[in-house]
Amino acid sequence: MTELYDFDTAIDRRGTWCIQWDGVADRFGVDGLLPFTISDMDFATAPEVLAALRDRLDHGVFGYTTWQQDDFRSAVAHWYATRYGTEIDTGQLVYGPSVLNQLSQLLQMWTGQGDGVVVHTPTYDGFRKAIAGLGRELRGVPVGDEESLVRELARPDAKVLVLCSPHNPTGRVWTAAELTRMAELAERYGVAVVSDEIHADFVHEGYVHVPWTRVAGEGRWALITSGSKAFNFPALTGSYGLIGDPADRAEFLRRMETAEGLASPAVLSLTAHIAAYREGGPWLDAVRAYVAGNLGHVAERLSADLPELGWEPPQAGYLAWIDLRAAGVDDAELQRVLVERERVAIMGGAVYGAPGFVRLNVGCPRGKVERGVEALIRAVKAVTSSPSGV
C-alpha cells in the first residue's frame, strides 16, 4: 500500500509560517534546529483531499457556510461505520473551530471556578493550558491507576473527566473494558466526560479504538475530534463533536453561534473532512503503515544503543514517548546538548508533567527520523558519560 504514495521525499516547510519549523525558536530559543516537536506531520495530505480543495477553490465564491448539511453529516457517519463499526446519531453532531475550543466551551458549561477537572497523567499540554486558563483545578491521575481515578472522581467538586482516547503523549489505546469502567465511575459520581478522540484514526495494527458513544451510558458526555490530525490539515481549522444530552447540545450550539460568533465554519475544512472521510481511507492506511515503520526503526536503534530503556512503540499515533529515567539523564543538560551540539528540537517530558521523558515526533520521512534518533542517542550518551555533556 505504501508504494502507492511517496512519504520518503522531504517537503520543505520552511517559510510557510508553520509552528514546527518556523516557530522553533519560540520554544527552544534558537533558530535553524531540525524539529521533532508539535503534533503535525511533514507529509502532504491525501491526494483526494487536495483534489477536493482545488475543486472548491476553482468555484471562487467563499461566502458564509453551514456545516448542518447532509454531505458533512453523512461523511462523518460513513467514517464511523466503516472505520469503527459504529453507528452514530448524526443529530448529536456539533461543530467548532478546534478540539481545544470545544473543550473550553464544555468546561465553561459543566464546571465553575475552582472545580476539579480529572485528567490522566502525563497530560497533553493543551489540556493543562485550557484548564488552568479557565481557573479550574487539574487533578492528575496516572495512566492505568484505577485507585487514583476512583479517588479523584469521588471528590465532591470533581465535575469533568477529560479523557484523551487514544492517550497523548503515551499513545495508549484504552480497551473497551477500561472505557466501560470509566463510564460507570463517571456516572456513579456525577462526573461529565469529555472524550478527545483526535488521535483515534492513527491506532496501530493489533489495537482497536472504541468510540465513547459505545460505552457512554446515561451519564453526561461529549466526544470531540477532527479529521485534521490523521489527514494533516489542522491549518484549515475545524473540528466536530457528539454531545449526548439535547439540552447540552443546544447550549453548546448557542454558545458557538452567538457568544462566540462562530456560526459559519471554514468551508475548506468541511471540504477536506468530506473528501477524507469518503475517499481518503487508502492514503491513511498507507501513512499509518509508514509511520509504524518509523516507530519500528526508533525501537531498533534504541534497543541496540540504549537497551536499558526497554522502549517499545506506542499503540497509536506518530509520537514516540520515550522514558529515559533508566539512563539517569538530567533533563536540562540533555536539552542543552540536543540544541547546542546536535541542533535538533525534541520535546522534553516536563512539558507534559513527566520529567525524564522525551516526545519525538516521527510523522516525517524516514531520513529525518534517522537523524533525530541518532541525535538523541548521541546526546543521551554524552550526558550520561560526562556531567557537562562534553
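Predicted model only: the values in this text are computed from it and were never measured. We count residues from 1, following the sequence as given.
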Can you classify the ring geometry of [X] versus [Y] as parallel (below 30°), tilted (30 to 60°) or perpendicular (above 60°)?
| X | Y | result |
| --- | --- | --- |
| Phe72 | Tyr240 | perpendicular |
| His120 | Trp174 | tilted |
| Phe231 | Phe233 | parallel |

Going from [atom1] on [X] to [atom2] on [Y], what distance comes out if it is rounded to the nearest 0.5 angstrom?
| X | Y | atom1 | atom2 | answer |
| --- | --- | --- | --- | --- |
| Gln108 | Arg255 | CD | CZ | 5.5 Å |
| Phe127 | Leu107 | CZ | CG | 9.5 Å |
| Arg27 | Leu33 | CZ | CG | 13.0 Å |
| Thr37 | Leu360 | OG1 | CG | 10.0 Å |
| Glu197 | Ser226 | CD | OG | 12.5 Å |

Over 12 non-hydrogen atoms of neighbours within 6.0 angstrom of [atom1] in [X]:
| X | atom1 | result |
| --- | --- | --- |
| Glu308 | CD | yes |
| Gln113 | CD | yes |
| Ile19 | CD1 | no |

- Task: Show the numbers, then the answer: is there a side chain to side chain donor-acceptor pair (under 3.5 Å) between Arg136 and Thr111?
- Result: CA-CA 8 Å; Arg136 278 56 168 172; Thr111 66; 2.7 Å; yes
- Query: Can Asp70 and Arg73 be counted as an ion pair, charged N to O under 4.0 angstrom?
  - Reply: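 No, Asp70 and Arg73 are not salt-bridged.
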- Check whether NZ of the Lys or CZ of the Arg Lys368 lies under 6.0 Å from the centre of the six-membered ring of Phe36 and within 45 degrees of that ring's axis.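 Judged by the rule, Lys368 and Phe36 form a cation-pi pair.
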- Under 6.0 Å from the six-membered ring centre of Phe357 and within 45° of its axis: does the NZ or CZ of Arg325 meet both?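 Verdict for Phe357: no cation-pi partner in Arg325.
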- When you measure from the side chain of Thr121 to the backbone N and O of Gly140, does any donor-acceptor pair fall under 3.5 Å?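 Not a single qualifying donor-acceptor pair exists.
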- Message: Working note: Leu103 + Asp196, criterion side chain to side chain contact (heavy atoms under 4.5 Å, CB included); need CA distance, chi angles, decisive distance, verdict.
- Response: CA-CA 8 Å; Leu103 174 62; Asp196 174 356; over 6 Å; no
